[in-house]
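Only heavy atoms go into these numbers, but all of them, side chains included; no hydrogens, no water, no symmetry mates. The structure presented is a predicted model; accordingly, all values stated were derived computationally and were not measured.
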Amino acid sequence: MILQALTDYYQRKTAEPGSGLAEPGFELKALPFIIEITRDGELVQIEDTREGTGNKKTAQSFLLPQGVKKTSGVATNLLWDNLEYVLGVDKNSGELDDIEAEQQRLGEVEKRKDRVREQHLAFVEKIRELPDTARADEGLRAVLTFLDRFEPEQIKPLSLWQEIPSNPTMSFRLQGDIELVCQREAVIESVRALSEKEADADAPSTCLISGEACSPERLHTAIKGVWGAQSSGANIVSFN
């Protein structure tokens, strides 16, 4: 009864605008930086959402498509991720001058570049894999145009660039809009449809809480705030 009541409460709250709860397929995530672009895909600025001073700055949280489980392989989120995935920029590369000769001898520099390049290509490809109806959206067209034209030299002259940490999380917003590109209706509907499609692809079973036929979740996101766990969160069950 308690689990059923909690499930009903969750469903009611996610249906309420501004409830602070994310529906299945989405999550609330702190996003310190937002790349603002024009509708023609031109860079306007990088917005800093953090508030506070020094090392105690807190980033604003946004409703985003659910993040993927990160592993040692390349796995990208939809329309948001860290700097390396989103822009293909390795901000740490400038800090390696003193050992550059040694790294080049070992091939580590090239391996690092290849890795970042692979991450960025995966990020762009995930956007291109959205349905044609979604990619026809003005915001998605602007993002793809920006990414096609982007060169790292465009952001390095920005005054904020020096304050950006090595590999922060970021996303996109159109100039003049309040919502992020990943919050536009075309993207939201695509994420919902994808979640339903993935659920239908699995063999249905009976839910122990609702009694309804549904597909079991293969992976669960880490739960943050668990006492004694890492700040990145704890898994309900994990094993090697």
Side-chain angles (χ1 to χ4, degrees), residues 14-50 58-70 74-89 119-150 155 160 164-165 167-199 219 221-222 224 233:
T14 54
E16 296 177 6
S19 66
L21 289 178
E23 65 177 282
F26 300 85
E27 67 172 298
L28 284 170
K29 180 79 174 179
L31 202 63
F33 298 99
I34 297 173
I35 303 169
E36 185 178 345
I37 58 176
T38 67
R39 282 160 172 74
D40 295 325
E42 298 293 334
L43 176 66
V44 177
Q45 64 169 342
I46 297 181
E47 178 187 344
D48 189 346
T49 75
R50 300 173 300 170
T58 303
Q60 184 178 346
S61 292
F62 295 85
L63 184 66
L64 307 173
Q66 182 73 58
V68 298
K69 279 274 188 177
K70 292 289 186 178
V74 174
T76 182
N77 300 316
L78 177 62
L79 286 164
W80 69 272
D81 215 303
N82 61 42
L83 176 65
E84 293 172 4
Y85 274 98
V86 175
L87 296 179
V89 175
Q119 290 173 328
H120 180 59
L121 289 175
F123 179 82
V124 176
E125 185 60 27
K126 190 158 188 173
I127 301 175
R128 295 191 186 281
E129 288 175 354
L130 289 170
D132 292 342
T133 52
R135 286 188 286 108
D137 177 78
E138 183 180 35
L140 285 173
R141 291 202 312 268
V143 169
L144 288 173
T145 300
F146 168 78
L147 293 174
D148 286 341
R149 300 173 179 171
F150 175 74
I155 58 173
L160 182 62
I164 294 179
N167 199 21
T169 305
M170 50 180 51
S171 189
F172 295 93
R173 174 188 284 148
L174 289 186
Q175 186 180 29
D177 282 2
I178 298 177
E179 63 186 8
L180 302 178
V181 173
C182 61
Q183 294 174 330
R184 294 173 71 88
E185 190 63 29
V187 179
I188 291 176
E189 291 303 322
S190 295
V191 172
R192 286 173 178 163
L194 180 60
S195 297
E196 293 174 0
K197 181 179 179 181
E198 290 176 346
L219 294 173
T221 56
K224 295 186 177 182

Flag side-chain contact, heavy atom, 4.5 Å: [X] against [Y]:
| X | Y | value |
| --- | --- | --- |
| Arg184 | Ile188 | no |
| Lys70 | Asn77 | yes |
| Leu121 | Tyr85 | no |
| Gln119 | Asp81 | no |
| Phe123 | Val86 | yes |
| Leu174 | Thr38 | no |
| Phe62 | Ser171 | no |
| Met170 | Leu83 | yes |

Practice problem: For the pair Ile155 and Leu87, evaluate side chain to side chain contact (heavy atoms under 4.5 Å, CB included) and give the outcome as yes or no after the intermediate values. | Solution: CA-CA 10 Å; Ile155 58 173; Leu87 296 179; 3.8 Å; yes
Quiz prompt | Where at least one partner belongs to residues 121-131, residue pairs that pass side chain to side chain donor-acceptor pair (under 3.5 Å), sequence neighbours excluded | solution =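 Only Arg128-Asp148 qualify under side chain to side chain donor-acceptor pair (under 3.5 Å).
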Atom pair [atom1]/[atom2] of [X] and [Y] - distance to nearest 0.5 Å:
| X | Y | atom1 | atom2 | result |
| --- | --- | --- | --- | --- |
| Leu78 | Leu130 | CG | CG | 5.0 Å |
| Gln60 | Asp48 | CD | CG | 11.0 Å |
| Leu79 | Leu64 | CG | CG | 9.5 Å |
| Arg135 | Thr133 | CZ | OG1 | 9.0 Å |
| Gln45 | Glu36 | CD | CD | 4.5 Å |

Practice problem: Quick one: do Asp177 and Arg39 satisfy salt bridge (Lys or Arg N to Asp or Glu O under 4.0 Å)? Show the steps, please. | Solution: CA-CA 10 Å; Asp177 282 2; Arg39 282 160 172 74; 2.9 Å; yes
Exercise. Would you check, one step at a time, whether the test side chain to side chain contact (heavy atoms under 4.5 Å, CB included) holds for Ile37 with Thr145?
Key: CA-CA 10 Å; Ile37 58 176; Thr145 300; over 6 Å; no
Which heavy atom of [X] sits nearest to which heavy atom of [Y], and what is that distance?
| X | Y | result |
| --- | --- | --- |
| Ala186 | Asp137 | CB-CB, 3.8 Å |
| Pro165 | Pro168 | O-CD, 3.3 Å |
| Leu140 | Ala134 | CD1-O, 2.9 Å |

Quiz item: Where the side chain of Trp80 meets the backbone of Pro65, is there a donor-acceptor pair that is under 3.5 Å apart?
Solution: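 Indeed, once roles are kept as given, a pair shorter than 3.5 Å links the two residues.
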Self-check item: Donor-acceptor contact present, side-chain Arg50 to main-chain Thr58, <3.5 Å
Solution: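 No; zero donor-acceptor contacts below 3.5 Å.
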Self-check item: Worked check of side chain to side chain contact (heavy atoms under 4.5 Å, CB included) between Ile164 and Phe33
Solution: CA-CA 8 Å; Ile164 294 179; Phe33 298 99; 3.8 Å; yes
Quiz item: Does the distance from a Lys or Arg side-chain N to an Asp or Glu carboxylate O, for Glu189 and Arg192, drop under 4.0 Å?
Solution: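 Yes, Glu189 and Arg192 are salt-bridged.
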Practice problem: Test Arg173 against every option in Glu47, Glu179, Gln183 by the side chain to side chain donor-acceptor pair (under 3.5 Å) rule and name the one that passes. | Solution: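 With Arg173 as partner, Glu47, Glu179, Gln183 yield a single side chain to side chain donor-acceptor pair (under 3.5 Å), made by Glu47.
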Distance-only criterion, 3.5 Å: show the donor-acceptor pairs between side-chain atoms of residues 25-32 and protein atoms not counting sequence neighbours.
{"residue": "Glu27", "atom": "OE2", "partner": "Gln66", "partner atom": "NE2", "Å": "3.4"}
{"residue": "Glu27", "atom": "OE2", "partner": "Gly67", "partner atom": "N", "Å": "2.6"}

Practice problem: Over 60° means perpendicular and under 30° means parallel, so classify the ring planes of Phe150 and Phe146, tilted if in between. | Solution: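 The arrangement is tilted - the two ring planes meet at 30° to 60°.
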Exercise. Scan Val143, Ile35, Ile34 and name whichever one has a side chain to side chain contact (heavy atoms under 4.5 Å, CB included) with Val181.
Key: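 Single side chain to side chain contact (heavy atoms under 4.5 Å, CB included) partner of Val181 among Val143, Ile35, Ile34: Val143.
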